[in-house]
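The first residue of the sequence shown is numbered 1, and numbering continues consecutively from there.
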Amino acid sequence: MVSVQSKDQRLLERILEDQHRKLAPDRNRDDFFTFFAADKALQDWDLDNDEITDGIVDGAHGCGIDGIWTFVDERYITADAHQFLPSRAGKIELVVLQAKNSSGYQESVIEKLHFHLPALLDMGRDEEYLVAHTNAKLLERTRRFLHILEELASSFPQVRIKVIYANK
């Protein structure tokens, strides 16, 4: 059976090829797709390339998560920015990304996120277990979110967790 791409899929492939060649020819196709998906998913926050890359956590022991970013009142919180948190916040957002450089949805991706996210975002989480089973960058990014949540809890911010599953 021959796979026939739709017009939209062909256009997307062309866009990906062109962008890959122009923006990051040194990255492999899967890594570039993750960056591209993150860039599009985060376009409302107007992050620069370093900020997008900062949140990419894919790799071994990634718990089905390729990227994770925390925002306080529309501002991306980097490792050093947490020391400059406001005393009050109206909104805390966590954006979680899973990007697959393939066509079609896989139920196992959602199941993996459903299994791991509650453990990663639990205020009383078992750090010892997570250190042994989670990559360091993902662990640090979720720790950052939990710290911010705790620091700003007394201002009763709106908390929103957005999970994005991107593929072709």
**Report entry** ring pair (Phe, Tyr, Trp, His ring centres under 6.0 Å) assessment of Trp45 paired with Phe71
**Finding:** CA-CA 9 Å; Trp45 288 278; Phe71 299 89; 4.3 Å; yes

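- Residues Val131 and Leu139 share a closest heavy-atom pair of CG2-CD2, 3.5 Å.
- Salt bridge absent: Lys137 and Asp58 never bring a charged side-chain N and a carboxylate O closer than 4.0 Å.
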Report task. Determine, stepwise, if the pair Ile65 / Leu113 fulfils side chain to side chain contact (heavy atoms under 4.5 Å, CB included). Result -> CA-CA 7 Å; Ile65 297 171; Leu113 289 168; 3.6 Å; yes

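- Looking at Lys22 and Asp18, no side-chain N of the basic residue comes within less than 4.0 Å of a carboxylate O on the acidic one, giving no salt bridge.
- Atom CD of Glu150 has 12 or fewer heavy atoms from other residues, nucleotides or ligands within 6.0 Å.
- Atom-to-atom distance recorded for Ile110:CD1 and His114:NE2 is 10.5 Å, nearest 0.5 angstrom.
- Note that CD1 of Ile148 and CZ of Arg143 are 13.0 Å apart. Values are rounded to the nearest 0.5 Å.
- Between His133 and Cys63, the shortest heavy-atom contact is O-SG, 4.2 Å.
- Atom NZ of residue Lys168 and atom NZ of residue Lys100 lie 13.0 Å apart, to the nearest 0.5 angstrom.
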Report task. Could you go through the side chain to side chain contact (heavy atoms under 4.5 Å, CB included) check for Phe36 and Ile15 one step at a time? Result -> CA-CA 10 Å; Phe36 180 83; Ile15 291 167; 4.0 Å; yes

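- Across all non-hydrogen atoms, the minimal contact from Leu120 to Thr142 is O-CB, 3.8 Å.
- Using a 4.5 Å heavy-atom threshold, the side chains of Lys162 and Arg160 count as touching.
- The backbone N or O of Gln106 sits less than 3.5 Å from a side-chain atom of Tyr165, completing a donor-acceptor pair.
- There is no path of hydrophobic side-chain contacts, each under 4.5 Å, that joins Phe145 to Phe156.
- Of the possible donor and acceptor atoms, none in the side chain of Asp66 sits under 3.5 Å from a partner among the backbone N and O of Thr34.
- For the side-chain hydrogen bond (donor to acceptor under 3.5 Å, both in side chains) test with Tyr76, the passing option among Asp54, Thr70, Asp46, Asp48 is Asp54; the others fail.
- Leu138 and Ile161 fall within the same hydrophobic cluster, defined by Ile, Leu, Val, Met, Phe, Trp and Tyr side-chain heavy atoms under 4.5 Å apart, directly or through other members.
- Minimum interatomic distance between Asn135 and Ala60 (heavy atoms only, all atoms of both residues): CB-O, 3.2 Å.
- Going from atom CG of Asp39 over to atom CD1 of Ile52 covers 4.0 Å, rounded to the nearest 0.5 Å.
- Going from atom CZ of Phe35 over to atom NE2 of His20 covers 11.5 Å, rounded to the nearest 0.5 Å.
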Report task. Run the numbers on Leu146 and Arg125 for side chain to side chain contact (heavy atoms under 4.5 Å, CB included), then give the verdict. Result -> CA-CA 10 Å; Leu146 293 172; Arg125 68 192 196 169; 3.9 Å; yes

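- Using a cut-off of 4.0 Å between Lys/Arg side-chain N and Asp/Glu carboxylate O, Glu74 and Lys91 are scored as salt-bridged.
- Contact check for Glu128 versus Asp126: side-chain heavy atoms found under the 4.5 Å cut-off.
- Between the side chains of Arg144 and Thr78, no donor N or O sits under 3.5 Å from an acceptor N or O.
- Pairing each heavy atom of Ile92 with each of Pro157, the nearest pair is CD1-CG, 3.6 Å.
- Between Val95 and Leu42, the closest side-chain pair of non-hydrogen atoms falls below 4.5 Å.
- Ala38 approaches Trp69 most closely through the heavy-atom pair CB-CH2, 3.6 Å.
- Between the CG atom of Leu94 and the CG atom of Leu121 there is a distance of 6.0 Å, given to the nearest 0.5 Å.
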